[in-house]
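All values below were derived from every heavy atom in this structure, side-chain atoms included, with hydrogens, water molecules and symmetry-related copies excluded.
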Amino acid sequence: MDKIVPKGLNYNLSNLVGAILLFTSLCINFNLASFVIDIFWVIAAIVSLINYKRRKIKPT
């Protein structure tokens with residue numbers, strides 16, 4: 001649908017917010033498998049935000 005750019009800031013921030021909300025949910029109903037997957041999801045979101053920032057800083 002081309003509504004949001006996969007390499008854009010909004011996409012990466014929404015991934016991070018979603019992972020944080022899942023962590024909040026896991027505090028109430030803990031599930032080890034979901035917790036482990038969510039750790040990797042947070043790491044991926046942070047890495048993509050860092051890469052986004054690097055792309056913005058680097059002169060083109």
Side-chain angles (χ1 to χ4, degrees):
M1 296 181 128
D2 294 330
K3 299 272 183 187
I4 189 167
V5 180
K7 290 186 177 182
L9 181 62
N10 289 337
Y11 183 82
N12 293 316
L13 283 176
S14 61
N15 272 334
L16 184 60
V17 169
I20 290 170
L21 290 173
L22 184 56
F23 264 134
T24 306
S25 171
L26 288 172
C27 288
I28 298 168
N29 297 318
F30 186 75
N31 180 334
L32 181 61
S34 294
F35 182 76
V36 171
I37 291 170
D38 199 36
I39 288 172
F40 287 108
W41 198 265
V42 167
I43 292 169
I46 291 171
V47 167
S48 53
L49 282 171
I50 291 170
N51 288 337
Y52 174 81
K53 187 166 184 149
R54 285 183 183 164
R55 280 193 306 270
K56 288 295 181 183
I57 293 173
K58 189 182 293 185
T60 55

Applied to residues 10-29, the side-chain hydrogen bond (donor to acceptor under 3.5 Å, both in side chains) test, sequence neighbours excluded, yields N12-S48
In this structure, CD1 of I46 is separated from CD1 of I50 (nearest 0.5 Å) by 7.0 Å
* Are L13 and I4 in one and the same hydrophobic cluster, where Ile, Leu, Val, Met, Phe, Trp and Tyr link if side-chain heavy atoms are under 4.5 Å apart? -> no
Following the transitive rule for hydrophobic clusters with a side-chain heavy-atom cut-off under 4.5 Å over Ile, Leu, Val, Met, Phe, Trp and Tyr, establish whether W41 and L26 coincide in one cluster. no
Practice item. Treating Ile, Leu, Val, Met, Phe, Trp and Tyr as nodes and any side-chain heavy-atom pair under 4.5 angstrom as an edge, say whether I39 and L49 lie in one connected cluster. Key: yes
Using a 4.5 Å side-chain heavy-atom cut-off and chaining through intermediate ILVMFWY residues, the residues clustered with L21 come out as V17
Hits for ring-ring contact (aromatic ring centres under 6.0 Å, His included) against F40, two or more places apart or cross-chain, chain-then-number order -> none
For R55 and K7 the tightest heavy-atom approach is NH2-O, 2.9 Å
Those residues at least two apart in sequence (or on a different chain) that pass ring-ring contact (aromatic ring centres under 6.0 Å, His included) with F35 are F23, F30
Here the side-chain hydrogen bond (donor to acceptor under 3.5 Å, both in side chains) pairs for residues 31-40, sequence neighbours left out, are none
Q.
Hydrophobic clustering (ILVMFWY, side-chain heavy atoms < 4.5 Å, transitive) - are L16 and I37 grouped together?
A. no
Are V47 and V5 connected in a single hydrophobic cluster, I mean Ile/Leu/Val/Met/Phe/Trp/Tyr linked by side-chain heavy atoms less than 4.5 Å apart?
no
